[in-house]
Amino acid sequence: MDSDDDIPIKQRNKRVISDDEDDVPLSQITKKVKTEEDESFSPQKPKTKTKKASKPKKEKDGTAEKVKKPKKAKSDENSNKSTTKKDKNSEKVKKEVKKEAKKEDSPTPTQEDDEGYKWWEQQDDLDGEIKWESLEHNGVMFPPEYEPLPSHVKLYYDGKPVKLSKEAEEVAGFFAALIETDHGKNPVFQKNFFNDFLKVIEETNGSDIRIVEFEKCDFTKMYAYFEKLKEEKKNLSKDEKKEMKLEKEKIEEPYKTCLLNGRKEKIGNFRIEPPGLFRGRGAHPKTGKLKRRVYPEDVTLNLSEGIPVPPPPEGHNWGDIKHDNTVTWLAMWRENIADSFKYVRFANNSSIKGLSDFKKFETARQLKNHIDEIREDYTKLLKSDLMQDRQMATATYLIDVFALRAGGEKGDDEADTVGCCSLRYEHITLTPPNKVIFDFLGKDSIRFYQEVEVDKQVFKNLKIFKKAPKQPGDDLFDRINPSLLNKKFQFYMKGLTAKVFRTYNASKTMQDQLDLIKNEGTVAEKVVRFNAANRTVAILCNHQRTVSKTHGNSIQKINDKLKELLWQKIRLKKLILEMEPKLKKIDKKYFEEIEDFSKEDEMVIHEKIIERTIDQINKKFARDNEKLKLEQKPLLTNKDLKERLEKADELKKEFKQELKTGKVQMKKTATVEKLKQQIETIENRYLTTSFQLKDKEDNSEVSLGTSKMNYIDPRLTVVFAKKFDVPIEKLFTKTLREKFTWAIESADENWRF
DNA sequence: GTGTTTACTTAGTATCGGCACT
DNA sequence: AGTGCCGATACTAAGTAAACAC
């Protein structure tokens with residue numbers, strides 16, 4: 001009960017005192033734990049280390065699986081490619097088989113079919129250190145130089161126009177463009193901007209008036225000018241826009257691709273980030289600071305040795321040239337806000353990114369072979385009498401069960417956000433017997449709020465981690481950090497880190513959800529169900545989005561539409577009763593709902609319809625006149641308009657009558673049969689619409705994209721598409737299809753995560 | 001261990017562009 | 001043909017994690 005060799009921490013709460021009883025066999029555990037000492041948290045058999053560099057494809061679900069022969073590419077994407085491509089496909093299949101036995105050197109890729117290169121069919125795993133054999137590119141694209149504003153557009157200070165140096169003017173412009181946004185209105189943003197603005201003024205001797213107070217700065221003229229520019233741009237003719245686009249493409253062309261191992265591959269962010277004001281997320285202390293312009297001198301290029309270095313922009317030099325083939329970036333520079341690095345990298349559909357993505361999912365997939373043991377272990381260790389082990393076990397539980405991120409430490413100059421290891425006292429609320437409320441800001445300052453029930457022992461532990469003298473501001477997990485956690489994880493499985501749990505649990509959840517879906521209904525219905533499964537995962541990972549400004553509106557609109565459908569239906573039913581009053585008795589139920597619709601509601605709808613009708617007539621009138629004018633024919637007169645509007649008046653009368661009598665005017669051609677038919681159509685539309693509504697509301701603050709892109713093994717989606725006959729285009733956008741081509745072409749419908 | 005440096009993934013949002021509506 | 005909306009894409013911030021320095 002006293003091994004004080006345990007890490008000392010400021011307080012003496014290191015020993016876990018079971019705050020209460022039933023906790024029993026601490027002593028017992030103690031013994032066990034003792035024997036294993038520091039291995040206490042690792043599996044008995046360190047199976048890991050063994051498998052390693054041994055090249056032979058031993059891991060069956062890894063390499064072996066991925067080589068699965070290419071399915072005859074189904075997506076239209078591929079089908080519209082020339083036949084030559086197909087031939088190559090089948091060729092590759094053959095090659096494959098041979099290779100399976102033992103790799104044979106790949107005959108250097110035939111150039112022009114770069115696009116068709118299928119790394120996932122190759123054996124020569126670019127495993128490990130070396131990321132490329134050869135790398136050629138044309139450098140990076142810089143943002144255009146700053147163009148001073150026309151002389152009549154100025155910043156005003158204390159009511160007077162200010163003459164600014166072009167550097168200072170640029171910075172003022174950055175802010176001016178944002179004055180109507182949340183950033184522009186954020187005091188921290190304003191303050192940081194203003195400080196940097198003053199600095200630039202000082203450095204460039206940039207103002208003819210002494211600028212002291214932010215409040216006296218008037219950016220509205222600049223803002224208005226930018227708005228005007230936007231407007232003008234929008235109003236350009238189609239051809240002009242096209243022209244500009246073409247021009248832009250031409251300039252970008254050389255920077256969009258590179259040669260990787262002799263094959264053409266796309267580059268992702270080939271553009272150097274332009275200067276601007278740093279837009280930090282959440283309460284970021286540095287938000288609004290000036291992000292300075294990057295010059296070639298700041299940029300390091302990375303490419304093969306012995307090839308020509310792309311020429312730097314006129315009058316400049318590259319900062320440095322590297323030939324490091326253990327990294328995947330093509331260019332790099334240092335940014336001035338957090339003094340961190342920025343990289344130019346390959347695009348998502350590149351072989352390098354694809355391979356790494358594939359590996360990520362394979363690692364996550366392997367976790368299924370270890371998860372039981374891991375869970376057993378941490379369940380036991382929740383009761384360890386070593387504080388550190390308890391914390392390890394508890395953290396692992398949270399990461400596994402609630403998909404928390406690792407939670408590395410953060411500085412004062414960053415937004416105050418947390419993950420598992422950095423959770424603090426105030427982030428959880430405990431309510432016996434085992435309820436926990438998590439409430440904290442996670443990555444991107446997205447709120448994580450969950451009321452959950454946890455394992456009894458976890459509850460106890462959290463209580464202990466909060467015990468006095470701990471108080472708000474103190475770390476819950478004061479004996480551990482992500483690095484420690486990850487080191488432990490390595491014992492179970494090579495490559496296992498905290499984030500792998502998120503990937504694993506996300507994909508596992510998706511598979512389980514998909515397994516529940518029955519193969520029935522229309523394609524649209526299946527897609528909706530797929531999205532529902534997707535949503536489960538997104539919720540697990542806490543992927544949120546801010547509800548769009550127009551969301552409330554569009555919900556309202558759909559609701560109105562629903563109401564109107566309902567009204568139409570009831571109206572038709574009334575009509576039926578007009579024709580066959582005795583039906584009311586015979587099919588009571590069918591006509592019951594007629595009573596449900598209140599007069600008030602009816603009136604509202606009547607008004608809306610009339611309004612809409614008038615509106616339509618007016619618009620049509622205007623359009624017709626427009627046309628006549630063009631054709632130089634006599635215009636329609638107000639009298640014509642009045643005539644047309646009579647229709648609306650008639651409608652008005654009709655509705656009024658209806659409202660009064662509760663009866664609907666009969667149409668001559670109607671028959672009960674026809675009406676019933678119409679009612680059914682309306683009912684169907686009602687159903688679909690309300691389905692859409694629900695989907696929309698469910699999705700309003702959940703972001704499905706992030707999990708689809710990063711967490712759900714794409715092969716699950718491919719399997720679903722194949723098994724359920726849903727075109728993959730309905731599930732993956734074009735870019736996702738490109739990113740996940742490896743999955744689309746390698747997973748057959750029996751594939752399991 | 002702790003702290004720093006580097007490199008890579010994950011994340012929400014601003015903006016673009018195409019399509020369904022008038 | 002114009003417009004408004006919405007999904008897709010571009011952008012870059014914000015994480016994780018490994019390697020290295022002390």
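Order of the sequence lines fixes the chain letters, A, B, ..., with proteins taken first and strands second; residue numbering starts at 1 for each chain. Values in this document were obtained by computation on a predicted structure and should not be read as measured data. Worth knowing before you read on, the calculation uses all heavy atoms, side chains too, and leaves out hydrogens, waters and symmetry mates.
A close approach under 4.0 Å does occur between a side-chain nitrogen or oxygen of A/Asn481 and OP1 or OP2 of B/dT2. When the side-chain nitrogen and oxygen atoms of A/Tyr343 are compared with OP1 and OP2 of B/dT9, none of them lie within a distance under 4.0 Å. In terms of phosphate contacts, A/Arg334 brings a side-chain nitrogen or oxygen within less than 4.0 Å of OP1 or OP2 of B/dT6. Distances shorter than 4.0 Å separate none of the side-chain N or O atoms of A/Lys360 from OP1 or OP2 on B/dC8. In this structure, A/Lys131 does not reach the B/dA7 phosphate: none of its side-chain N or O atoms is under 4.0 Å from OP1 or OP2. A/Lys353 has no side-chain polar atom (N or O) that falls below the 4.0 Å cut-off from OP1 or OP2 of B/dC8. Between A/Ser703 and B/dA11 there is no side-chain N or O to OP1 or OP2 distance below 4.0 Å. Side-chain nitrogen and oxygen atoms of A/Arg345 include none within less than 4.0 Å of the OP1 or OP2 phosphate oxygen of B/dT10. Side-chain N/O atoms of A/Thr706 include none lying less than 4.0 angstrom from OP1 or OP2 on B/dA11.
One interatomic measurement links the two molecules: NZ of A/Lys708 to P of B/dA11, which rounds to 16 Å at whole-angstrom precision. Distance NE2 (A/His543) to P (C/dA14): 16 Å, rounded to an integer number of Å. In this structure, A/Leu704 atom CG and C/dG7 atom C1' are separated by 12 Å, rounded to whole Å. One atom, NZ of A/Lys248, and another, P of B/dG17, lie 7 Å apart when rounded to the nearest Å.
At a non-hydrogen distance threshold of 4.0 Å, A/Arg271, A/Glu273, A/Pro274, A/Phe278, A/Arg279, A/Gly280, A/Arg281, A/His284 from residues 271-290 of chain A come into contact with DNA chain C.
Contact annotation for A/Ser356: backbone-only contact, meaning every heavy-atom pair under 4.0 Å involves sugar-phosphate atoms and none involves a base. Counting any heavy atom pair closer than 4.0 Å across all strands shown, A/Thr181 reaches no nucleic acid atom. Counting non-hydrogen atoms under 4.0 angstrom, A/Lys291 reaches the backbone sugars and phosphates but no base. No contact: A/Glu414 has no heavy atom under 4.0 Å from any strand. A/Ile446 comes within 4.0 angstrom of the backbone, heavy atoms only, and of no base. Nucleic acid contact for A/Ser483: none, since no nucleic acid atom lies under 4.0 Å from a heavy atom of the residue. If you check every strand for non-hydrogen atoms under 4.0 Å, A/Lys696 touches sugar and phosphate atoms only.
Under 4.0 Å is where a charged nitrogen must lie from a carboxylate oxygen, and between A/Asp357 and A/Lys739 at least one such pair does. Salt-bridge check for A/Arg545 with A/Glu701: failed, with every basic side-chain N at 4.0 Å or more from each acidic carboxylate O. A salt bridge links A/Glu738 to A/Lys734: one of the charged nitrogens lies within less than 4.0 Å of a carboxylate oxygen. A/Lys289 has a carboxylate O that lies under 4.0 Å from a charged side-chain N of A/Asp196, or vice versa, which qualifies the two as a salt bridge. By the 4.0 Å N-to-carboxylate-O rule, A/Glu362 lies close enough to A/Arg715 to be salt-bridged with it. Ion pairing between a basic and an acidic side chain is recognised when a charged N comes within 4.0 Å of a carboxylate O; A/Asp416 and A/Lys410 show no such pairing. Between A/Lys342 and A/Glu273 there is a salt bridge, since at least one side-chain N of the basic residue sits less than 4.0 Å from a carboxylate O of the acidic one.
The base of B/dT10 sits within donor-acceptor range of the side chain of A/Lys443, with an N or O pair under 3.5 Å.
Between A/Phe489 and A/Phe501, a ring centre-to-centre spacing shorter than 6.0 Å is recorded.
A/Asn542 and A/Gln544 share a donor-acceptor pair across their side chains, judged by distance under 3.5 Å alone.
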Legend entry - Under 4.0 Å protein heavy-atom contact, by nucleotide of nucleotides 16-22 of chain C - B base, S sugar-phosphate only: SSS----

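Residues that satisfy the side chain to side chain donor-acceptor pair (under 3.5 Å) test with A/Asp698, not counting sequence neighbours, are A/Lys694.
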